[in-house]
Amino acid sequence: QVGLETPVTDLWCVSMAALLVAVVLCRVAAAQDWAAIYESHASPDPRRLNNLPDGFEINETLNGSIPLTIVPSWDIFLGFSDKKKYIKGRMSIATIYPEEAAVFVTNPENMVDVLNFGSGSGDINVMSSLKIWDPKSGKTATTVSKTYVGEFSQSNFPYNLSCYPFDVKTVRFQIGLQKPCGIFYRLNLGCAGEGARQVRTWEDGTVRTCAWPVNSSYVGFDWEEFRCELHNNATLDCEMTGTRKWSTLLQTYLWPSIVYGLMGFQAFALGVKLAMPRVATTMLALLSLTSLRNQVIALLPGSGSTSWMEEYFLIAISFMFLNLVGHAASFHLDAIGRHHTQKMVNKFNLWAMLCFFILVVTARLHVRNCPVIEPAVTLTMTLLMILVTLSVLIFLVWYHRSAFREAGRQLTHQMEEVLQKGPSGHQPHPDNV
């Protein structure tokens with residue numbers, strides 16, 4: 001009986017060992033098969049894109065890409081806002097595509113969009129399609145126009161207001177294909193319409209840059225032309241450059257501020273005994289300049305570089321404060337009987353401080369190097385004001401030389417009193433002399 005159990009036990013052990021070896025071999029084979037499958041899927045697949053979620057892929061394949069010819073145009077100016085950084089108007093996009101373009105997408109024209117249009121889909125209108133003949137391919141093509149009426153945001157583009165209102169502004173529009181349509185379609189720029197001009201072309205002769213004339217004044221700018229450039233197969237960049245009409249802002253804000261500023265300096269022409277009119281005139285100028293500055297700030301964005309006009313109002317307000325300090329000094333000098341010095345302070349605040357104010361304003365304008373004003377003009381103005389300021393200072397010192405003598409005598413008298421009092425600050429006793 002023991003002899004029978006031993007062969008059975010050996011047979012059972014051998015069977016278990018064989019089963020274990022088979023399992024190991026199956027696992028190795030399975031791992032090799034899965035590795036081969038993984039390697040096959042690791043190769044690039046044109047249907048898989050980064051624009052799609054994991055596990056999704058395009059169901060169709062295509063050798064090459066289908067051209068979509070885009071003809072953009074800017075039709076109407078409706079508004080412009082520096083504070084909100086947008087231009088408002090109407091833009092049209094004509095899309096021309098061959099018949100095979102509708103195989104993958106039902107309405108290929110909807111694949112083209114203005115990326116920085118911010119008014120919403122309610123202001124996008126799609127016109128009726130029109131069948132046309134393409135002599136190059138010998139096939140029928142379709143053209144469809146879309147209109148965008150509303151605000152085109154400029155927040156994603158450089159927006160510099162440091163020279164406001166003496167600045168040049170470039171507004172941009174970005175036209176692109178909806179992702180992942182770049183697999184099947186590519187954008188071409190069509191240069192057509194009234195006054196269209198080819199600026200640059202690619203090596204194969206296709207249009208790279210096209211310009212359409214504007215040459216008109218709208219929404220506070222003198223616009224030059226509407227220009228579009230093909231950035232790549234999926235993006236088209238358009239822009240317009242306009243020079244701000246600063247004369248309107250000069251009449252509305254700058255000229256009244258100049259009048260208020262002169263009024264604040266002219267208060268020193270009043271007699272020193274007219275304390276209330278002098279202070280009231282300067283305070284009225286200060287409040288009026290502050291009100292104008294608040295109106296200008298309401299037109300500009302809250303962030304970004306400080307514009308020249310904002311800096312101009314800050315300088316004007318600061319000089320009005322210095323005028324109040326000058327009034328206080330004049331009243332004090334008159335009260336203590338130093339009439340010659342009081343007259344000199346009056347003249348200094350009336351003429352010298354006015355020259356200093358104009359000098360600082362012109363110098364800050366020259367430093368900003370604004371494109372509308374030639375640097376030679378601002379440099380000449382700054383040098384001229386330096387010469388005028390020095391001349392005024394020299395004349396005031398010569399004209400009021402008696403005041404300087406009075407101030408010198410007063411200073412000498414105070415020094416003698418200090419020396420006579422001694423180190424303790426009291427008059428020395430005669431017995432101790």
Side-chain angles (χ1 to χ4, degrees), residues 80-83 160-169 219-222 243-270 277-327 346-375 377-386 388-389 392:
F80 187 90
S81 174
D82 286 302
K83 185 177 184 62
N160 187 9
L161 287 171
S162 61
C163 284
Y164 179 90
F166 307 108
D167 59 340
V168 175
K169 195 62 62 219
V219 295
F221 289 85
D222 293 325
T243 303
R244 195 184 300 272
K245 299 175 66 176
W246 56 268
S247 58
T248 303
L249 295 172
L250 174 64
Q251 298 171 7
T252 307
Y253 301 106
L254 288 180
W255 180 249
S257 70
I258 294 173
V259 173
Y260 294 143
L262 292 176
M263 185 174 65
F265 287 106
Q266 193 64 27
F268 286 96
L270 300 176
R278 285 174 58 144
V279 175
T281 302
T282 304
M283 286 298 300
L284 179 61
L286 177 61
L287 294 175
S288 300
L289 289 171
T290 303
S291 177
L292 285 175
R293 177 181 177 272
N294 293 336
Q295 296 179 34
V296 170
I297 290 177
L299 302 175
L300 302 176
S303 60
S305 58
T306 302
S307 66
W308 176 85
M309 182 175 280
E310 291 178 280
E311 188 177 31
Y312 160 77
F313 278 106
L314 288 175
I315 295 172
I317 292 172
S318 300
F319 270 84
M320 290 303 105
F321 171 75
L322 293 178
N323 284 352
L324 289 176
V325 175
H327 288 309
N346 262 2
K347 297 299 183 182
F348 178 82
N349 282 275
L350 175 59
W351 299 111
M353 292 299 289
L354 177 61
C355 293
F356 272 122
F357 169 69
I358 300 175
L359 173 61
V360 172
V361 169
T362 54
R364 292 302 303 165
L365 182 60
H366 174 70
V367 169
R368 292 178 181 267
N369 194 21
C370 299
V372 175
I373 303 178
E374 292 292 334
V377 175
T378 55
L379 179 60
T380 303
M381 293 172 59
T382 303
L383 295 177
L384 179 62
M385 285 311 305
I386 292 175
V388 171
T389 303
V392 169

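Only this structure's heavy atoms are used, side chains among them; waters, hydrogens and symmetry mates stay out.
Taken to the nearest 0.5 Å, the CZ atom of Phe321 stands 10.5 Å off from the CG atom of Asn323. The line from CG of Leu292 to OH of Tyr260 is 6.0 Å long, rounded to the nearest 0.5 Å. Note that CG of Leu286 and CE of Met263 are 10.0 Å apart. Values are rounded to the nearest 0.5 Å. The distance from the CH2 atom of Trp351 to the CZ atom of Phe268 is 13.0 Å, given to the nearest 0.5 Å.
In terms of the ring-ring contact (aromatic ring centres under 6.0 Å, His included) criterion, Phe313 has no residue partners (sequence neighbours excluded). By the side chain to side chain donor-acceptor pair (under 3.5 Å) test, Lys169 pairs with Asp167, sequence neighbours left out. By the ring-ring contact (aromatic ring centres under 6.0 Å, His included) test, Phe80 is found to be paired with Phe221, residues two or more places apart in sequence or in another chain being considered. Under the ring-ring contact (aromatic ring centres under 6.0 Å, His included) criterion, Trp246 pairs with Phe166, not counting sequence neighbours.
Within the structure, every pair that satisfies the side chain to side chain donor-acceptor pair (under 3.5 Å) test and touches residues 277-302, not counting sequence neighbours, is listed here: Arg278-His327, Arg278-Asn346, Thr282-His327. Applying the side chain to side chain donor-acceptor pair (under 3.5 Å) test to pairs two or more places apart or on separate chains, none has a residue in residues 247-256. For residues 286-305, the set of pairs meeting the ring pair (Phe, Tyr, Trp, His ring centres under 6.0 Å) definition, not counting sequence neighbours, is empty. Among residues at least two apart or in separate chains, there is no salt bridge (Lys or Arg N to Asp or Glu O under 4.0 Å) pair with a member in residues 252-270.
The shortest heavy-atom contact between Gly261 and Met320 is O-CE, 3.8 Å. Taking each heavy atom of Asp82 and Leu299 in turn, the nearest pair found is CB-O, 3.5 Å. Between Ser307 and Leu161, the shortest heavy-atom contact is CB-O, 3.0 Å. Scanning all heavy atoms of the two residues, the minimum distance from Leu249 to Arg244 falls at CD1-CD, 3.9 Å.
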Give the table of side-chain donor-acceptor pairs shorter than 3.5 Å for residues 353-373, with sequence neighbours excluded, one pair per line with atom names and distance.
from	atom 1	to	atom 2	distance (Å)
Thr362	OG1	Ile358	O	2.9
Thr362	OG1	Leu359	O	3.0
Arg364	NE	Glu311	OE1	3.4
Arg364	NE	Glu311	OE2	2.8
Arg364	NH2	Glu311	OE2	3.3
His366	ND1	Thr378	OG1	2.8
Arg368	NE	Glu311	OE1	3.2
Arg368	NH1	Ser162	O	2.8
Arg368	NH1	Thr306	O	2.9
Arg368	NH2	Thr306	O	3.4
Arg368	NH2	Glu311	OE1	2.7

